[in-house]
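Reading through the structure tokens given below for one structure.
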Amino acid sequence: MQLGKVPAAPVPDGTMQLGKVPEAPAAPPAAPVDAPPPFQNPYGSVAAPAGPYAPTAADAPVNPYAPTAADAPVNPYAPTAAVPAVPPLAQTGAPGAPGAPGVPGEPQHPFGAGHPVGGWGNPSGGTGGVGGPGEPGAPWGSPQPAPGGSGKGKRGGFVALVAAVALVAGLAGGAIGASVSDKGGSGGTGASHSSTTVTVGNTHQNLDRAPESVAGIAAKALPSTVTIKASNSSESGTGTGFVFDTEGHILTNNHVVAPAAKGGKLSVKFSDGSSYDASVVGRAEGYDVAVIRLENPPKDKLVPLPLGDSDKVAIGDATIAIGAPYGLEGTVTTGIISAKDRPVASGDETGAQSSYMNALQTDASINPGNSGGPLLDGSGSVIGINSAIQSNTSGSGRAGSIGLGFAIPINQAKWVAQTLIKDGTPVYAILGVLRNDDYRGDGAQIATAPVRDTPAVTPGGPADQAGLKAGDVITKLGGIAIDSGPTLVSEIWTHKPGEKVEVEYTRDGKAAKTTVTLGERKGDN
């Protein structure tokens, strides 16, 4: 197939698009969860084993001045009934009683086990997992009852937590009281005791954040970073985007808006909570770039993020990623540029090949839902679009950050976006050859024979005019080493149609070079 097209090669293990946060699949019934042991007093004493020489009560000296029970003051507020035992801690959102089905993605109590709750939906959350029907609620939404259980277990767990905090506070108070009492007993007075609390002066000035700090950059970029929700009759998901210009265009990933591409629904939410309907302007599946446009937004919302120069990025430069990982809107993480010009072939959750990029690699934590969000440099300029991660999760397991994230360089994404805004159709540079995906040597080999009646080298095409032939192995393009077919595609797509690039190749074991003027293909089909 032509290198300009998106080939159907298998995706390298673990590399996937960050994606919209997909609707969670139904889970099989979960096994019962053992309740934790009853609440214990962490400061309770444990009786030590008695030794043969252990003193007995009779051996203890008698204090003639020890107060008796009659001397103790009466507390008029003391409880008259025994305090009931505190029930064991409960995990709100955990599977219910034995035999009850588990509910993946159920909102968790802030103090229980599990992932934080948050996302597009209302504060109390929905019934589905992250990105699923209803969308999860805000991180501090009200706790939901555990499946199969009553509200009592949840309430009991919370009481136990309060009891533990109260116990510690009580002990601390006792220690402080003893200290004051000792000082009073040695001749000191309560009035002479001074506090050790230190108060910082000029609090407002201390809380100001420098514009070049991470907090300063985030404060400026968050209002122009949006959460995108796309849906159709069969799927829905969330992703991220950012304001591209003052005309209402939002730049994001193709795979974020794909569910709304053919008659679906698309909406955009700003950091202040305001939402607007949107429509797709154009999509480039091969580049994994898309442009959407807001419908009737106020002008004060359309503050474009400044675009940097991704060609000038250096390994080790600071990075800041903003997005909605797992629906948690407005999440900010930091890292560095770990590598440049990293060839990445990414696919969606189904494993289908869909895009290539010569990516910026970063260790800033990005996860599903970060897709389409800005990767900023230390000055707050956009240097990339967060698009894919390397994951150690296989099969149906949910991927997560392991510090290997990939972003489309903004120089490439900007040109693609401008092309899409112009006429809605993506444009790709092509070499005009078919690739041999079975080749396992160094470089990328041109197919050795026609494939389904299509010649290995397109007659009259760019490669043919430059003298390349079937079976040639391309080792460098534009001075960049080529180690595989996907690397060749990624490198070709960093160029524009009509550009001249030098190609180094081997034929029958002999090295050679030529210059190719890249051709053009419009559209993804």
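Sequence positions, counted from 1, serve as the residue numbers for this chain. Here the structure is a predicted model, which means the values were calculated and not measured.
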Rounded to the nearest 0.5 Å, how far apart are [atom1] of [X] and [atom2] of [Y]?
X: Gln445; Y: Tyr439; atom1: CD; atom2: OH; result: 6.0 Å
X: Asp317; Y: Ser338; atom1: CG; atom2: OG; result: 11.0 Å
X: Ile292; Y: Ser279; atom1: CD1; atom2: OG; result: 8.0 Å
X: Thr514; Y: Glu504; atom1: OG1; atom2: CD; result: 11.0 Å

List the atom of [X], the atom of [Y], and the distance in Å for their closest heavy-atom pair.
X: Ile322; Y: Ala221; value: CD1-CB, 3.7 Å
X: Ile446; Y: Val457; value: CG2-CG2, 4.0 Å
X: Met357; Y: Ser387; value: CE-CB, 3.8 Å
X: Ala321; Y: Ala364; value: CB-CB, 4.3 Å
X: Tyr428; Y: Glu285; value: OH-N, 3.6 Å
X: Ala407; Y: Leu375; value: CB-CD2, 3.9 Å

Polar contact flag, side-chain donor to acceptor under 3.5 angstrom, [X]-[Y]:
X: Thr487; Y: Ser484; answer: yes
X: Asn370; Y: Thr240; answer: no
X: Ser346; Y: Ser355; answer: yes
X: Ser275; Y: Ser267; answer: no
X: Glu491; Y: Asn358; answer: yes

task = Among Asn254, Val289, Asp524, Thr419, find the one that has a side chain to side chain contact (heavy atoms under 4.5 Å, CB included) with Pro426.
result =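 Single pass found, and it is Asp524.
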TODO: Carefully, step by step, assess Val516 and Leu431 under the rule side-chain contact (heavy atoms from CB on, under 4.5 Å).
DONE: CA-CA 8 Å; Val516 176; Leu431 191 58; 3.6 Å; yes
Main chain of [Y], side chain of [X]: is a donor-acceptor contact present, judged purely on distance under 3.5 Å?
X: Thr458; Y: Gly432; answer: yes
X: Ser310; Y: Asn411; answer: yes
X: Lys269; Y: Val226; answer: no
X: Ser213; Y: Pro211; answer: no
X: Asp288; Y: Asn253; answer: no
X: Gln412; Y: Trp493; answer: yes
X: Thr319; Y: Asp377; answer: no
X: Lys469; Y: Thr448; answer: no
X: Asn367; Y: Ser401; answer: yes
X: Arg283; Y: His255; answer: no

Would you check, one step at a time, whether the test side-chain contact (heavy atoms from CB on, under 4.5 Å) holds for His495 with Ile492?
-> CA-CA 6 Å; His495 298 277; Ile492 290 173; 5.7 Å; no
Taking atom [atom1] as the centre, does [X] end up with more than 12 heavy-atom neighbours from other residues, nucleotides or ligands that are less than 6.0 angstrom away?
X: Lys476; atom1: NZ; answer: no
X: Asp483; atom1: CG; answer: yes
X: Asp300; atom1: CG; answer: yes

Exercise for review: Anything under 30° is parallel, anything over 60° is perpendicular, the rest tilted; go ahead and classify Tyr287 against Trp415.
Suggested key: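 Rings of Tyr287 and Trp415: perpendicular, as their planes differ by over 60°.
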Subject >> side-chain contact (heavy atoms from CB on, under 4.5 Å) assessment of Leu266 paired with Val280 >> reply: CA-CA 8 Å; Leu266 194 63; Val280 177; 4.0 Å; yes
Self-check item: side-chain contact (heavy atoms from CB on, under 4.5 Å) assessment of Thr252 paired with Val257
Solution: CA-CA 8 Å; Thr252 185; Val257 304; 3.8 Å; yes
Task: Side-chain heavy-atom pair Ile389, Ile366 within 4.5 angstrom cut-off - done: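 Yes, their side chains come closer than 4.5 Å.
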